[in-house]
Enquirer: 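Got a structure for you, questions after.
All residue numbers refer to positions in the sequence shown, counting from 1. Just so you know, ligand 1 is whichever comes first in the structure, and atom 1 is the first atom listed for that ligand. What you see is a predicted model, and the numbers here were worked out from it, not measured in a lab.
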Amino acid sequence: MKPCPYGTHRVLFPLGALPQAAQKLDNGLPLRDNELLIEVDTLNVDSASFTQIRQACGDDRGRMADMIVQIVAERGKLQNPVTGSGGILVGRVSQKGSGFPGDVQPGDQVATLVSLSLTPLKLEEVLAVHLETDQVDVRGHAILFESGIFARLPQDLDRRLALAALDVAGAPAQIHQLVKPGDSVLVLGASGKSGVLCCMQARLDAGERGRVVGVCYDQAEAEELRALNACHEVIIADARQPMSVYHLATQANAGQKFDLCVNVVNVPDTEMAAILPVKDSGCVYFFSMATSFAKAALGAEGIGSPARMLIGNGYTPGHADFTLSLLRRHEGLRALFLSRYGGKD
Ligand code: NAP
């Protein structure tokens with residue numbers, strides 16, 4: 001059988017599903033003609049998934065490693081059974097199928113830009129679990145289908161910093177498409193990885209007449225965000241408390257609702273904190289993988305909000321270059337990313 005561009009030839013169960021929706025993938029060798037084999041160094045686990053695994057294992061690195069190994073053994077991919085999400089990886093190309101497109105060769109260091117939730121993965125060993133960065137060093141291999149996008153790791157940026165930024169590259173790139181000059185923008189989870197990138201990009205696009213308000217969960221991260229000058233105002237609130245967020249956020253916006261709210265929180269039950277503070281003519285952008293479609297749709301109906309709601313697509317054409325160039329242009333942003341995610345090799 002000819003291998004499928006989208007990788008359905010690797011789906012073991014249920015037959016007919018695409019790899020993301022599949023319960024189990026074939027992660028074995030040999031490589032098919034339209035595939036790329038990668039020796040994996042590090043997984044950047046999606047934040048919603050990593051947080052769920054941390055909580056389930058009580059922050060115990062050994063138990064977390066066992067849980068990750070078990071998920072991959074059961075599914076042939078790292079797809080968290082609770083959040084459904086994955087992450088991305090970096091590694092070195094070790095084999096290229098004759099029909100795999102693109103200018104990539106064995107030995108190249110790459111980051112995958114498609115989710116681990118659809119990428120066949122086989123783990124030999126977990127070497128280290130980094131609680132502070134959501135990254136996991138491993139030995140193993142992954143397989144990319146011909147439809148799977150990837151980026152060569154940049155030479156001028158720290159490997160772990162690039163991995164962290166590429167994981168959320170879709171968010172700032174889409175903010176650039178959504179924010180117009182003069183817009184008011186609210187960012188929930190503003191001091192996280194995608195949060196700071198979104199705040200910075202929103203501030204650039206909203207321009208002098210615009211207003212960007214960031215919602216953080218803890219004081220230290222709020223101070224870091226203030227120092228970056230990415231927001232006009234930073235407030236501290238729990239995004240699971242919609243009325244509290246609504247009052248604090250609108251106060252920070254001269255009593256007005258917002259044109260756009262971006263939800264990049266990594267825990268569940270934050271849908272209404274994103275919808276309530278948005279104008280009827282506004283837009284809510286759910287990038288968070290902990291978002292419930294039912295809670296958002298029924299919750300909006302319940303408060304009579306006709307605001308437009310968007311699912312945060314992980315992919316936007318050119319998103320990897322866009323996000324890396326945002327980091328290159330802003331020294332403070334780059335320094336923050338470096339101190340949090342980089343330089344630990
Ligand atoms: P991150 O760096 O962990 O940031 C999440 C932020 O949310 C943190 O600053 C965290 O604060 C904050 N937060 C947690 N609980 C909160 C609460 N109750 N109220 C207010 N803020 C709270 O995560 P990330 O990597 O930027 O990812 C953000 C979201 O995007 C995650 O849900 C992730 O799964 C998702 N994601 C989506 C895609 C996609 O394709 N759509 C791709 C990648 C990631 P603390 O640090 O103080 O806890």
Enquirer: Residues in side chain to side chain contact (heavy atoms under 4.5 Å, CB included) with N34, at least two apart?
Expert: P3, H9, R32, E146
Enquirer: What residues, two or more places apart in sequence or in another chain, satisfy side chain to side chain contact (heavy atoms under 4.5 Å, CB included) together with S117?
Expert: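 In terms of side chain to side chain contact (heavy atoms under 4.5 Å, CB included), with neighbours along the sequence ignored, S117 is linked to Q20, Q79, S115.
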Enquirer: For Q105, does its backbone N or O pair with a side-chain atom of D108 as donor and acceptor, under 3.5 Å?
Expert: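 Pair found, side chain donor or acceptor close to backbone of Q105.
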Enquirer: Any protein N or O within less than 3.5 Å of an N or O in ligand 1? List each pair with its distance, or say none.
Expert:
unit_1: ligand 1; atom_1: 2 (O); unit_2: K193; atom_2: N; d: 2.8
unit_1: ligand 1; atom_1: 3 (O); unit_2: S47; atom_2: OG; d: 2.7
unit_1: ligand 1; atom_1: 3 (O); unit_2: N266; atom_2: ND2; d: 3.1
unit_1: ligand 1; atom_1: 9 (O); unit_2: G192; atom_2: N; d: 3.3
unit_1: ligand 1; atom_1: 9 (O); unit_2: E221; atom_2: OE1; d: 3.1
unit_1: ligand 1; atom_1: 18 (N); unit_2: D238; atom_2: OD1; d: 2.8
unit_1: ligand 1; atom_1: 18 (N); unit_2: R240; atom_2: NE; d: 3.4
unit_1: ligand 1; atom_1: 19 (N); unit_2: A239; atom_2: N; d: 2.8
unit_1: ligand 1; atom_1: 23 (O); unit_2: S47; atom_2: OG; d: 3.1
unit_1: ligand 1; atom_1: 25 (O); unit_2: K193; atom_2: NZ; d: 3.0
unit_1: ligand 1; atom_1: 26 (O); unit_2: K193; atom_2: N; d: 3.4
unit_1: ligand 1; atom_1: 26 (O); unit_2: S194; atom_2: N; d: 2.8
unit_1: ligand 1; atom_1: 26 (O); unit_2: S194; atom_2: OG; d: 2.5
unit_1: ligand 1; atom_1: 32 (O); unit_2: V265; atom_2: O; d: 3.0
unit_1: ligand 1; atom_1: 32 (O); unit_2: S288; atom_2: OG; d: 3.2
unit_1: ligand 1; atom_1: 32 (O); unit_2: M289; atom_2: N; d: 3.1
unit_1: ligand 1; atom_1: 34 (O); unit_2: D46; atom_2: OD1; d: 2.5
unit_1: ligand 1; atom_1: 34 (O); unit_2: D46; atom_2: OD2; d: 2.9
unit_1: ligand 1; atom_1: 34 (O); unit_2: A48; atom_2: N; d: 3.2
unit_1: ligand 1; atom_1: 36 (N); unit_2: D46; atom_2: OD1; d: 3.4
unit_1: ligand 1; atom_1: 40 (O); unit_2: G314; atom_2: N; d: 3.4
unit_1: ligand 1; atom_1: 41 (N); unit_2: F287; atom_2: O; d: 3.1
unit_1: ligand 1; atom_1: 41 (N); unit_2: G312; atom_2: O; d: 2.8
unit_1: ligand 1; atom_1: 46 (O); unit_2: E221; atom_2: OE2; d: 3.1
unit_1: ligand 1; atom_1: 47 (O); unit_2: D218; atom_2: OD2; d: 3.1

Enquirer: Got a list of side-chain donor-acceptor pairs under 3.5 Å for residues 292-304, not counting sequence neighbours?
Expert:
unit_1: S292; atom_1: OG; unit_2: A294; atom_2: N; d: 3.3
unit_1: S292; atom_1: OG; unit_2: K295; atom_2: N; d: 2.9
unit_1: K295; atom_1: NZ; unit_2: D269; atom_2: OD1; d: 2.5

Enquirer: Walk me through it: do S281 and R308 pass the test side-chain hydrogen bond (donor to acceptor under 3.5 Å, both in side chains)?
Expert: CA-CA 7 Å; S281 58; R308 192 160 66 106; over 6 Å; no
Enquirer: Hydrogens and angles aside, do T51 and N266 bring a side-chain donor and acceptor to less than 3.5 Å of each other?
Expert: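 The criterion, which ignores hydrogens and geometry beyond distance, is satisfied for N266 and T51.
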